[in-house]
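Here is the structure we will look at, set down as structure tokens.
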Amino acid sequence: MQKILNYINGKLVEPLSGKYLDNYDPSRGIVYSHIADSEKEDVEAAAEAAIRAFPSWSQMATEDRMKILLRLADLIDHDLDKLALAESIDNGKPVKLARSLDIPRASANIRFYATAAMHFATDAHVNDGDSVNYTTRMPVGVAGCISPWNLPLYLFTWKIAPALAAGCTVVAKPSELTPMTAFLFSQLCIEAGLPAGVLNIVHGLGNKVGQAIVEHPQITAISFTGGTVTGRKIAATAAPMFKKLSLELGGKNPNIIFDDCDFELAMKTSIRSSFANQGEICLCGSRILVERSLYKKFVEEFVKLTGELRVGDPAAEGTDLGALVSEAHLQKVLSYAALAKEEGGQILTGGNRIVLNGEFSAGYYMEPTVIVGLDEKCRTNQEEIFGPVVTIMPFDTEEEALRLANSTGYGLSATIWTENLKRAHRVAHQVKSGIIWVNCWLHRDLRTPFGGMKQSGVGREGGWEALRFFTEAKNVCVKL
Ligand code: NAD
């Protein structure tokens, strides 16, 4: 069976312990490869390699770094089909989604930051003819990048691309649930000629490998994407060490639909923003708020279209939803369907596990689920479920829509559907979320700051923000 090895100091290496974890194919519920079960000592070896590589990588001409990174992006594009299939087998998502979203966005991340670093500039100003100030920015050193399982290569590259482009060297850890594309990526790094030690990928469990990265005294910046509970733990470790910290955490995003919306577009996009990637996208709109005058019509149509979604073999062209990432996660999501009923909610469609035939019979499939009849305070409407489950709530006024939208501890993203321009801006300004989409969803412009408010995160990624995060500013004041 294939072994997923660590990538340390430019080489693919066994974990020092010689131990491996099972890696599952969620669509079939079977072990299909083994993943390095690394320890603190592997992280230590990776950090040493990164420390050794830092002087030459950070001092290399930005253009030369760019050329290497662009080669890497081209290699991802070249291997699009192979990587998309690997991502689908590892994660359970439809191959066509990995092919159209995850993998193209991975190479786009690398290309964007490789070239952005060429345009990254600092300021200089004369202070009333008395002194001149100029600012320099230096790479922070060795960065730790930790990513989740839902968009594996996409979010892995989202973290490491700006770090490498800024001149940092990196110790990275992909999720132990979806390590395959990061492993294939490490092979591409070797092919692209990335110097040894510049990027090191250590596979294994969060509480061992992730924790060791966060605790390592010479890993001075931590860029993390994952759950809010893990983020809190990471902050508790990193903050007293005065590490730079970027946390991209969970969401419970409102999808606000006013009755003057473009109904067809709002409906079509809401189906996607509810159930794309099995609802396992931090930006999914899991709480749909609908103006009461449109509520009945919206619910009827939404339930009908949800019932028509095809759940099944992720490799089949017609599949809309594949498998959830793991048996444990499926059980967690199913438990929320049960909780919704306990809380007095009504499941209009879905709520159950799906058992498919043949080779997929042990896969982790679930019906897309629509729940109504709950208030905003219940756990179903407060906690991140991170699966194909949405609730729908009616509202009467704009004020009520805002109150419902802002009623959770999360503040990652929100979507607003209205043809009223003034209202669109007014509501966008009052929803406490870091990312707002008006009449669209999941559009990304990599130049814009990305991140959440409240318990959805600390700091901003994207554009210059990421290059600033991985560099430290110094001001030099010269007396004239
Ligand atoms: P998770 O927090 O369980 O794990 C994320 C990563 O952290 C994994 O690599 C894991 O191994 C590692 N980890 C676990 N414990 C650790 C520790 N003590 N120290 C260091 N690292 C540790 O999250 P997940 O289940 O993989 O991902 C789902 C979550 O990610 C959801 O909450 C989702 O909303 C969130 N997410 C957020 C964004 C965003 O941009 N805000 C994007 C995608 C996913």
Side-chain angles (χ1 to χ4, degrees), residues 21 23 35-38 40 43 90-91 93 101-102 105 109 144-160 171-179 181-182 201-216 219 222-238 241 243 245-253 276-286 324-326 328-330 332-333 383-387 408-413 433-435 442 444 448-462 465-466:
L21 302 162
N23 188 32
I35 160 176
D37 181 10
S38 308
K40 197 175 173 182
V43 172
D90 227 20
N91 170 279
K93 69 178 66 197
L101 180 86
D102 296 58
R105 286 201 180 190
N109 285 339
C145 297
I146 302 174
S147 54
W149 50 258
N150 63 324
L151 301 164
L153 192 62
Y154 172 14
L155 292 177
F156 186 74
T157 51
W158 176 243
K159 323 239 99 195
I160 63 165
V171 178
K173 188 195 113 51
S175 169
E176 60 273 31
L177 295 179
T178 53
T181 40
I201 303 175
V202 187
H203 293 278
L205 299 172
N207 58 9
K208 288 201 289 188
V209 177
Q211 187 73 22
I213 291 173
V214 177
E215 285 174 357
H216 197 289
I219 299 180
I222 302 291
S223 174
F224 169 81
T225 298
T228 296
V229 172
T230 315
R232 188 173 290 125
K233 201 167 173 202
I234 289 174
T237 307
M241 298 174 83
K243 295 193 179 200
L245 202 50
S246 171
L247 301 174
E248 293 295 342
L249 309 176
K252 189 76 179 171
N253 311 306
N277 207 45
Q278 300 73 241
E280 297 165 329
I281 300 181
C282 54
L283 305 163
C284 277
S286 53
L324 271 65
V325 74
S326 68
H329 189 59
L330 171 65
K332 180 193 143 180
V333 178
E383 298 174 15
E384 186 185 43
I385 300 173
F386 214 53
T408 77
Y410 292 105
L412 188 54
S413 69
S433 299
I435 304 148
L442 211 61
R444 281 290 289 131
T448 59
F450 177 92
M453 296 180 176
K454 300 194 272 183
Q455 292 182 28
S456 290
V458 173
R460 286 290 177 273
E461 301 187 351
E465 306 275 349

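Atoms within a ligand are numbered from 1 in the order they appear, just like the ligands themselves.
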Does even one non-hydrogen atom of [X] get within less than 4.0 Å of ligand 1?
X	value
G452	no
G451	no
S175	yes

Side chain, backbone, both or neither: which part of [X] comes within less than 4.0 Å of ligand 1 when only heavy atoms are counted?
X	answer
I146	side chain
I213	neither
L412	side chain
N150	side chain
L177	neither

Distance only, no hydrogens: is a donor on one side chain within 3.5 Å (strictly under) of an acceptor on the other, for T228 and E384?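 On atom types as modelled, these side chains do not qualify, holding no pair under 3.5 Å.
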Measuring from [atom], which candidate in [options] has the nearest non-hydrogen atom?
atom	options	answer
atom 9 (O) of ligand 1	C145, G206, S147	S147
atom 43 (C) of ligand 1	L151, L155, N207	L155
atom 18 (N) of ligand 1	E248, Q211, E461	Q211

Please determine whether side chain to side chain contact (heavy atoms under 4.5 Å, CB included) holds for the pair E280 and K93, giving the CA-CA distance in whole Å, both sets of side-chain angles, and the decisive distance to 0.1 Å. CA-CA 9 Å; E280 297 165 329; K93 69 178 66 197; over 6 Å; no
Please lay out, stage by stage, how Y410 and N253 fare under the test side chain to side chain contact (heavy atoms under 4.5 Å, CB included). CA-CA 8 Å; Y410 292 105; N253 311 306; 5.8 Å; no
[X] (side chain) donor-acceptor with [Y] (main chain) under 3.5 angstrom:
X	Y	result
S38	G204	no
N23	D90	no
K454	T408	yes
K252	E383	yes

In terms of residue, atom name and distance, what is the protein heavy atom nearest to [atom]?
atom	result
atom 21 (N) of ligand 1	G210 CA, 3.5 Å
atom 25 (O) of ligand 1	W149 NE1, 2.8 Å
atom 36 (N) of ligand 1	C282 CB, 3.6 Å
atom 27 (O) of ligand 1	P148 CB, 3.3 Å
atom 7 (O) of ligand 1	F224 CE1, 3.2 Å
atom 35 (C) of ligand 1	G226 O, 3.1 Å
atom 41 (N) of ligand 1	L249 O, 2.7 Å

Is the closest side-chain heavy-atom distance between K243 and I219 below 4.5 Å?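 SC-SC contact between K243 and I219 confirmed.
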Trace of the side chain to side chain contact (heavy atoms under 4.5 Å, CB included) decision for N150 with F386: CA-CA 9 Å; N150 63 324; F386 214 53; 3.4 Å; yes
Contacting atoms of ligand 1, where contact means under 4.0 angstrom from a heavy atom of P174: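 Ligand 1 atoms under the 4.0 Å threshold to P174: 9 (O).
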Sole residue of L155, L247, I146 in side chain to side chain contact (heavy atoms under 4.5 Å, CB included) with T225: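 Checked L155, L247, I146 against T225; only one passes side chain to side chain contact (heavy atoms under 4.5 Å, CB included): L155.
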